[in-house]
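Whatever order the structure lists them in is the order used to number ligands and atoms, beginning at 1. Just so we're clear, the structure is a prediction, and the values are computed from it rather than from any experiment. For this chain, numbers begin at 1 and follow the sequence in order. Hydrogens, waters and symmetry mates play no part in the numbers below; they use all other heavy atoms, side chains included.
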Amino acid sequence: MPELKFSMLSAGRGSNFEAIMRHVAAKDLDAECISLITYAADCKAVDVAKQYGVPVRLVKGDNLLEVLQSENPDLVVMAGYMRKISEKVLEHFENKMINIHPSLLPSFGGKGCYGIHVHKKAIEAGVKITGATVHFVSKDYDSGKIIAQSAVPVLPDDTPESLAKRVLQEEHNIYWQAIRDFSKLQFDV
Ligand code: GRF
């Protein structure tokens, strides 16, 4: 039985969820996804959950804390969950909620910096390197303690879309490893 039980919070395309589940299925990530928690019943992440036999829990209104407490995961893994997490949820799951962001934080993070906007800003700023960051979720957007980062070059002819694609590949490379590292820290000390 895997030691680490995690719940996934996702409400969109679900590609990070899919990448993580591929590593769970391949057994190079010793963890069990006990639920996908979402507010979007027909999002692609739900299809991923079905494909991997992960139960789906639907959040209605403001009951995320209730749902999370009944699931009681060791770790909450967020990707593309576009709702602000309330302070009471953060209090209960302090240092147990992680998120992935498509830039090298603290650059290009914070309110309004999501999706394609992040890559537009990186190109506008003229940075030569961007990347992906896994971090703990905290009160302010994208400002929790950083767990893992990986750099991605910005090429001269990059568009926000081409850059987004390259960064996403890197997200898929690092997220499952960050979960593995979290699980080692939790259980090996
Ligand atoms: C990712 O780019 C992630 O960095 C951001 O939201 C996106 C989610 O994509 N927080 P997906 O649903 O995992 O495909």
Side-chain angles (χ1 to χ4, degrees), residues 6-25 29 31 33 35-52 54 56-59 64 75-85 89-90 93 96-123 127 129-154 158-180 182:
F6 69 96
S7 288
M8 192 77 203
L9 244 63
S10 178
R13 175 178 59 180
S15 73
N16 276 288
F17 181 29
E18 217 272 326
I20 292 165
M21 291 313 296
R22 247 185 286 131
H23 288 281
V24 170
L29 175 58
C33 184
S35 47
L36 165 72
I37 300 174
T38 188
Y39 50 81
D42 53 4
C43 67
K44 291 214 177 110
V46 169
D47 297 338
V48 176
K50 286 186 182 149
Q51 186 189 337
Y52 286 94
V54 173
V56 177
R57 299 289 312 270
L58 210 56
V59 170
L64 178 60
L75 178 68
V76 181
V77 178
M78 290 176 66
Y81 191 87
M82 302 301 286
R83 282 189 183 165
K84 183 132 174 104
I85 305 297
V89 169
L90 290 172
F93 287 87
K96 283 187 173 185
M97 290 189 91
I98 63 175
N99 183 42
I100 190 155
H101 185 80
S103 73
L104 292 177
L105 290 173
S107 291
F108 315 120
K111 207 160 190 251
C113 260
Y114 60 90
I116 206 71
H117 305 293
V118 179
H119 307 293
K120 272 187 190 148
K121 283 186 195 253
I123 289 173
V127 295
I129 295 170
T130 184
T133 302
V134 180
H135 62 94
F136 284 105
V137 180
S138 66
K139 219 162 35 35
D140 301 309
Y141 284 115
D142 306 323
S143 58
K145 198 167 170 226
I146 291 171
I147 301 166
Q149 284 188 312
S150 187
V152 172
V154 182
D158 257 331
T159 61
E161 289 74 19
S162 66
L163 185 56
K165 209 167 153 192
R166 208 167 330 108
V167 170
L168 189 64
Q169 277 170 3
E170 208 44 42
E171 293 183 41
H172 297 168
N173 281 338
I174 65 167
Y175 214 0
W176 73 275
Q177 297 187 52
I179 298 169
R180 183 193 57 191
F182 175 92

Throw together a table of side-chain donor-acceptor distances under 3.5 angstrom for residues 162-169, partners on residues two or more places apart or in other chains.
unit_1	atom_1	unit_2	atom_2	d
Ser162	OG	Asp158	OD1	2.6
Ser162	OG	Thr159	N	2.9
Ser162	OG	Thr159	O	3.1
Ser162	OG	Thr159	OG1	3.3
Arg166	NH1	Pro153	O	2.7
Arg166	NH1	Asp158	OD2	3.2
Arg166	NH2	Asp158	OD1	2.6
Arg166	NH2	Asp158	OD2	3.0

With Phe6 via ring-ring contact (aromatic ring centres under 6.0 Å, His included) - residues at least two apart: none
Candidate list Tyr39, Phe17, Tyr114, test ring pair (Phe, Tyr, Trp, His ring centres under 6.0 Å), partner Tyr81, passing option: Tyr39
For Tyr52, all residues meeting ring-ring contact (aromatic ring centres under 6.0 Å, His included), sequence neighbours excluded: none
Lys84 atom NZ, over 12 foreign heavy atoms within 6.0 Å: yes
Residues lining ligand 1 [heavy-atom distance under 4.0 Å, listed by chain and residue number]: Arg13, Gly14, Ser15, Asn16, Ala79, Gly80, Ile100, His101, Pro102, Glu171
Heavy-atom closest pair, residues Ala45 and Leu36: O-CD2, 3.5 Å
